[in-house]
Amino acid sequence: MQTDVQKLQTVLNQAVENARQSSERGQVAQYIPELAKADPQKAGIAITLDSGETIGAGDWQQPTTIQSISKVFTLALCLGTMGDNLWARVGREPSGSAFDSILQLEHESGIPRNPFVNAGAIVVTDAILATYQPKEALGEIVRFVQGLAGDDQIFIDGKVAQSEEDTGHRNRALAHYLASCGNLHNPVEHTLGVYYNQCALTMDCAQLSRAGRFLAFAGTLGPNRQQMVSMRRARRIAAIMLTCGHYDGSGDFAYRVGLPAKSGVSGMILASVPGIASIAAWSPGLNQSGNSYIGTQMLEYVTNEMDWTVFS
Ligand code: DON
């Protein structure tokens, strides 16, 4: 579908302008010291269209780690190698609890609710390690994301990965609990080593919006239609993004923005408008559910102005 690019650019500029004027900005994540240094005044948004063109506004060219958005890419990679067998180890239901909650795991015998809560993502990474050694697995993940984005400059921020490893008691607790239930097949430190590094994949909004194109365009990369993920799989991943991508804030996000999307604790959000656009928004301050406060506001403004939703 043809998008009015000029109108879209005006809308993006206004979304960032509104963001700059907002006095409420949320709270920057504190539990990973390297992330706590982020400036909550930053705000950027980028959109990649079906034509392959990427446009943006604000701080859309400033790289940051994608954190939990990496879970979308590892899920796609994992389903590509082990297919539906993954669903014996992870559910597909919204959790209604925080991204790092340990409570449900005990009630549900070590089967995480979905692949986007930390416990579920740790199982997905562990499943990838069935095929690869940790270093190879990480290489595969990076190459996969670079291939999706068409950009071999995408890298891992080792400082952020190390910062998370140094303070990662909660994820260690989750991983050990999974192991005690028989749902972690590799040494805790191997799986978490890969997990911390995938979370530290670093991109700007333009790169992320390009890496997420396969979700908006039926598993393909825009104009040349190269099939990266099967159409059905891309659709299903988007369904899990809609229902679980914002944790216990998923309902509110669907109500306000109306698109499948995944958030990261760095303040990035990846969203897709089927057949039309892939969007990445960034602002580091988070709401109570750990999702970007201003990022959600910018997306709400853009989707309202452009009349983009999966609900009509
Ligand atoms: O495992 C963690 O806590 C982080 N590396 C990722 C969490 C995250 O991004 C949650 N999303 N809003």
S.K.: Are there over 12 heavy-atom neighbours, none belonging to Q288, within less than 6.0 Å of that residue's CD?
M.R.: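 Counting other residues, nucleotides and ligands, CD of Q288 stays at 12 neighbours or fewer.
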S.K.: Could you walk me through whether I237 and L79 pass side-chain contact (heavy atoms from CB on, under 4.5 Å), step by step?
M.R.: CA-CA 10 Å; I237 294 171; L79 288 172; 4.3 Å; yes
S.K.: Looking at T48, L148, D50, which hits side chain to side chain contact (heavy atoms under 4.5 Å, CB included) with R213?
M.R.: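 Only one option passes, and that is T48.
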S.K.: Only one of I55, V11, V16, I269 passes side chain to side chain contact (heavy atoms under 4.5 Å, CB included) with I45; say which it is.
M.R.: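 Testing I45 for a side chain to side chain contact (heavy atoms under 4.5 Å, CB included) against I55, V11, V16, I269 leaves exactly one candidate, V16.
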S.K.: Check the orientation of F214 and F73. Use parallel for under 30°, tilted for 30 to 60°, and perpendicular for over 60°.
M.R.: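 Aromatic pair F214/F73 classed tilted.
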S.K.: Are E165 and R172 side-chain neighbours, meaning at least one heavy-atom pair lies under 4.5 Å?
M.R.: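 E165 vs R172: side chains touch.
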S.K.: Just by distance, with hydrogens left out, do D166 and Q162 show a side-chain donor and acceptor under 3.5 Å apart?
M.R.: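 Yes, a side-chain donor-acceptor pair sits under 3.5 Å.
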S.K.: Out of the candidates V265, D157, L201, only one should pair with T65 under the side chain to side chain contact (heavy atoms under 4.5 Å, CB included) rule; please name it.
M.R.: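 Only one option passes, and that is D157.
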S.K.: Inspect the surroundings of CD in E24 and state if more than 12 heavy atoms from other residues, nucleotides or ligands are less than 6.0 Å away.
M.R.: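 Check passes, neighbour count above 12.
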S.K.: Heavy-atom count around Y255 OH within 6.0 Å, excluding the residue itself: above 12?
M.R.: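 Check fails, neighbour count at 12 or below.
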S.K.: Of L192, V188, V194, which is the lone residue that meets side chain to side chain contact (heavy atoms under 4.5 Å, CB included) with I122?
M.R.: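 Option passing the side chain to side chain contact (heavy atoms under 4.5 Å, CB included) with I122: L192.
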S.K.: How about CZ on R225, more than 12 heavy atoms from neighbouring residues, nucleotides or ligands closer than 6.0 Å, or not?
M.R.: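 More than 12 within 6.0 Å, yes.
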S.K.: Looking at CE of M203 and OG1 of T64, how far apart are the two atoms once the value is rounded to the nearest 0.5 Å?
M.R.: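 So the CE of M203 and the OG1 of T64 are separated by 11.0 Å.
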S.K.: Report the C-alpha separation of T74 and Y195 in whole Å, then their side-chain angles, then the decisive distance to 0.1 Å, and conclude whether the side-chain contact (heavy atoms from CB on, under 4.5 Å) test is met.
M.R.: CA-CA 9 Å; T74 48; Y195 173 78; over 6 Å; no
S.K.: Taking CD in Q9 as the centre, count heavy atoms belonging to other residues, nucleotides or ligands within less than 6.0 Å. Is the count above 12?
M.R.: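 Yes, the 6.0 Å shell around CD holds more than 12 heavy atoms from other groups.
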S.K.: We want to know whether S22 and Y293 form a side-chain donor-acceptor pair, criterion being a heavy-atom distance below 3.5 angstrom.
M.R.: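 Result is no, nothing qualifies.
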S.K.: Are N118 and D100 close enough that a side-chain donor and a side-chain acceptor fall under 3.5 Å?
M.R.: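 N118 vs D100: no donor-acceptor pair found between side chains.
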S.K.: Using 4.0 Å as the upper bound for N to carboxylate O, is an ion pair formed by E17 and R20?
M.R.: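 Looking at R20 and E17, the cut-off is not met.
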S.K.: What I want to check is whether the side chains of T54 and R210 have a donor and an acceptor closer together than 3.5 Å.
M.R.: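 Checked: T54/R210 side chains pair up, N/O donor to acceptor below 3.5 Å.
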S.K.: If you look at every heavy atom in A271 and L259, which pair is closest and at what distance?
M.R.: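 Of all heavy-atom pairs spanning A271 and L259, the closest is CB-CD1, 4.3 Å.
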S.K.: Could you state the interatomic distance from CZ (R25) to OG (S283), rounded to the nearest 0.5 Å?
M.R.: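 One finds 5.0 Å between CZ of R25 and OG of S283.
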S.K.: Would you mind checking if R233 and D84 are paired as a salt bridge, meaning a charged N to carboxylate O distance below 4.0 Å?
M.R.: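 Looking at R233 together with D84, the answer is no, because their closest N to O distance does not fall below 4.0 Å.
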